[in-house]
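Working notes, structure below.
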Amino acid sequence: MLDEGEAWAAVMTCPCGCGAVIELLLSPTARPRWTLTARGDLPTLHPSVWRSVGCRSHFWVRDGQIHWVP
């Protein structure tokens, strides 16, 4: 999501298939916040995404791929 040309959130559907929409804040003043980088069209998010409700998925997004935390 963009605001005046600045990305302030990354939005995705949970990769587990539960259908939940995950919104991750990118603003430097937000807590918690994530950092989004991209190599071409391949996004990387830091830190990991850990849902505390619903499916409770825990994963990394690295170079456009989902890596599940065991």
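Fair warning: this is a prediction, and the values are worked out from it, not measured in the lab.
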Which pair of heavy atoms, one from [X] and one from [Y], lies closest together, and at what distance?
{"X": "Cys18", "Y": "Arg51", "result": "SG-NH1, 3.7 Å"}
{"X": "Leu25", "Y": "Pro32", "result": "CB-O, 4.0 Å"}
{"X": "Ser48", "Y": "His58", "result": "OG-NE2, 2.9 Å"}
{"X": "Glu23", "Y": "Trp8", "result": "OE2-CZ3, 3.8 Å"}
{"X": "Met12", "Y": "Pro15", "result": "CE-CD, 4.1 Å"}

Just verifying a value: how many Å separate Cys14 SG and Arg56 CZ, rounded to the nearest 0.5 Å?
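One finds 12.5 Å between SG of Cys14 and CZ of Arg56.
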Min side-chain heavy-atom separation [X]-[Y] under 4.5 Å:
{"X": "Asp63", "Y": "Arg39", "answer": "yes"}
{"X": "Trp34", "Y": "Leu26", "answer": "yes"}
{"X": "Val61", "Y": "Ile66", "answer": "yes"}
{"X": "His46", "Y": "Trp60", "answer": "yes"}

Using 30° and 60° as the class boundaries, would you call the ring planes of Trp68 and Phe59 parallel, tilted or perpendicular?
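Ring orientation of Trp68 relative to Phe59: perpendicular.
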Give a yes or no on whether Val49 and Leu36 share a hydrophobic cluster (residues Ile, Leu, Val, Met, Phe, Trp, Tyr; joining criterion: side-chain heavy atoms under 4.5 Å apart).
yes
